J.: 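Quick one: structure below, then a few questions.
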Amino acid sequence: MNPIPTCTREVVVKLENGLHLGPSSQIVQLAQKFNSELSIRKGDRTVDGKSMLDLLTLAAEHGTVLKLEAHGTDAAAALEAISALFERNFASDQPSDGPA
Amino acid sequence: MEVRRGIAVAPGVAIGPALVLGSEDFRIPQRFVRVDAIDIELARFRAALEAAVAEIAGHEELAAARLGQQYGAIFAAHRQLAQDPKLVKDIEDLIRQKCYSPEFASSRVLRKYAKTLQNLGDRYFAERANDLFDLEKRILRHLLGERREELTQLTVPVVVLAHNLTPSETANLDKKFVLGFATEVGGKSSHTAILAGALELPAVVGVGSFLADVSGGESVIIDGNEGTVIIDPDEETLGSYRDAERRMRSAAVKLTSLGPLRSETKDGVPIHIYGNIEFPDEVDHCVERGAEGIGLYRTEFLYLESDAEPTEDVQLGAYVRVLKAFPSGPVVIRTLDLGAEKFPQSMQEVIEATPNPALGLRSMRLTLHNIPMFKTQLRAILRAATVGDVRIMFPLVSTLLELRQAKMILGDVVEDLEEHKVAFNAKVKVGMMVEVPSAALMADEFAREVDFFSIGTNDLIQYTLGVDRANPAVANLYSSADPSVLRLIEGVIKASEKYNLPVSVCGQMSSDPIYTPLLVGMGLRELSVTPQAILEVKQAVRNLTVAQSREILDRARSLDVARDVENYLRGEMKKSSPDVV
């Protein structure tokens, strides 16, 4: 049996207003499409990537480095999708699709 | 007795018992529930949450369709907040473990998170606390049931006192029972104020917080002339108001005799007076008082009446009703001039949360984002034009390109109607409101591309002086008499003369008879005024010669601050028509 995979990756918040309402909502929408748990860490605080309230209260301002950690069968795909969101700076040109 | 000052927005006096509509704060009736009721309370919470989520989803769709994706996304985020598993769990835990009532639990949890956000030290995140307060209100509203049923179930005459009335609440006030109203917020030219004028209900807005002092049922006087609200008046005050009421009624009767008389100056120059209306039924007042047509038919009410967009036939019916009242006179229909008030109350707050709503997506700009809706209205107007002299007027035009785009869409509609062989009249005159300083400054250029101008002073003043007309804190800066405003108006009139273009003034300025001499002096020959002001303005016209009006203008031009101009005009008015207050 393969152990349940865990993947981690670091991303930088490039949004001018930080990780505010709209982007948080995009993360939650996307994360909910995966089975894996998603946790997001800023410094020593870790929050649930599927909770808007958690993400908001994280107050990730412009320039913050966040550590993403996905744990579950589709961890790699989940992480890939979420970090892509950060990379394109939450531009909405691309529909936020679920797992391919 | 307690006297409060506010902003007078609709004249007249109302005396009656107070009906208080509370502010948006909800009172939580009970904090704890019995252990054996927990399951029922949990079910009640889930139902309320579900209803709140469905409501937000509805707003999301409406905003995305009417305003664009980015507005829809705001509500999508709100919806996700409401569905946050953590939030739901926190609230349910408090109900289950501590026997909190769903109201108390929801409020506790949302306020806890809001406080966390406020304490983060970042301005942007602190502001997000408002989104949580908004959600708290929404859930509580669903738990406690819709409020404001009071307004629809009146059986005795009352004076309504509220924190705020939305335009649709105002429009639906039952005139049989509502004598007048006063609100804590609002400004002179807010939509609610304009509606109060249209309904001819005495009203005072922007009183500031005063509801805490009123419990309801006590006798209240609303003085819509002076802008005062008197709570629990003493016998003497009450008596003098009753006398004033009687006097005003007899003055009104005297004015009524002016109805059939011509509107011309002493030296025989005709000054055409048209009515500004909001509802088709107001044409009756206009006809009665001898208006020669409708200079401004605001069509927003059709859209505010319900959440659904009015169909082409519903609009056609309303337009024809107005035209039938004025078979020969012009009826100028202003195309949609909507801002955030088009949306349900709970959406407005979010839309208006953009930093500068007055400079944002409103009026013509919003219309050009909703071309299908715009085309429906244009079709209805062109079809109505078979019945009488309809004219189309575009609001808030700020650049020539906007005007050209609007005219192009009108051209498309004409072609479309031709193709489908629908009966219509393509020879409709097309004009524009001049209400943005850019349009006033470019009046010469605009004059070559339209059939008429109408100067909308309310917005022109707001944009020229940079004053938010709905903000009581700066409302004192807002004045029709400001020399900068007068200069712009005169410029537009001069441009119209040069191109032989009809021009009128349809803002609230034209309804105040102290400005009649000034406007006539500038060369204006058409005024469009609120129905209540028709007779007073006619009287001011009939007391004047053109030579006098030019002298008054010259003198006013030499004054450099609004207050002096206003005082001077008021003095002149007292001299020429002492019986007009």
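Just so it is clear, the model here is predicted, and its values are computed rather than measured. So you know, we letter chains A, B, ... as the sequences are listed, proteins then strands, and number each from 1.
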J.: Do other residues, nucleotides or ligands put more than 12 heavy atoms under 6.0 Å from the CD atom of B:E61?
T.: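 Counting other residues, nucleotides and ligands, CD of B:E61 stays at 12 neighbours or fewer.
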
J.: How far does OG of A:S25 sit from NE2 of B:H78, to the nearest 0.5 angstrom?
T.: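 Taking OG in A:S25 and NE2 in B:H78, the distance rounds to 10.0 Å.
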
J.: Does A:K14 have more than 12 heavy atoms from other residues, nucleotides or ligands lying within 6.0 Å of its NZ?
T.: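 Counting other residues, nucleotides and ligands, NZ of A:K14 exceeds 12 neighbours.
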
J.: With a cut-off of 6.0 Å (strictly less than), are more than 12 heavy atoms of other residues, nucleotides or ligands near CD of A:E37?
T.: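 No, CD of A:E37 has 12 or fewer neighbouring heavy atoms, counting only those of other groups under 6.0 Å.
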
J.: When rounded to the nearest 0.5 angstrom, what distance separates CG in B:L87 from CG in A:L53?
T.: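 B:L87 CG to A:L53 CG: 5.5 Å, rounded to 0.5 Å.
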
J.: Distance from A:D48 atom CG to B:D84 atom CG, nearest 0.5 Å?
T.: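 Here the interatomic distance stands at 8.0 Å.
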
J.: Measure distances from B:L120 to the heavy atoms of chain A and classify the residue's part below 4.5 Å as side chain, backbone, both or neither.
T.: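 Contact with chain A: side chain only.
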
J.: Just wondering, are more than 12 heavy atoms of other shown residues or ligands nearer than 6.0 Å to NZ in B:K98?
T.: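 No, not enclosed.
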
J.: For the atom pair NZ (B:K86) and CE (A:M52), what is the distance rounded to the nearest 0.5 Å?
T.: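 It is 13.5 Å, given to the nearest 0.5 Å.
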
J.: Measure the spacing between CD of B:Q80 and OG of A:S51 and express it to the nearest 0.5 Å.
T.: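 OG of A:S51 is found 10.5 Å from CD of B:Q80.
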
J.: Would one find more than 12 heavy atoms of other residues, nucleotides or ligands at under 6.0 Å from atom CZ of A:R45?
T.: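 Yes, because the 6.0 Å sphere around CZ of A:R45 holds more than 12 heavy atoms from other groups.
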
J.: Evaluate whether atom CZ of A:R41 has more than 12 neighbouring non-hydrogen atoms of other residues, nucleotides or ligands under 6.0 angstrom away.
T.: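 Result for CZ/A:R41: open.
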
J.: Do B:L81 and A:L56 pass the side chain to side chain contact (heavy atoms under 4.5 Å, CB included) test, and can you show the C-alpha distance, the side-chain angles, and the key distance before you say yes or no?
T.: CA-CA 10 Å; B:L81 268 179; A:L56 273 183; 4.2 Å; yes

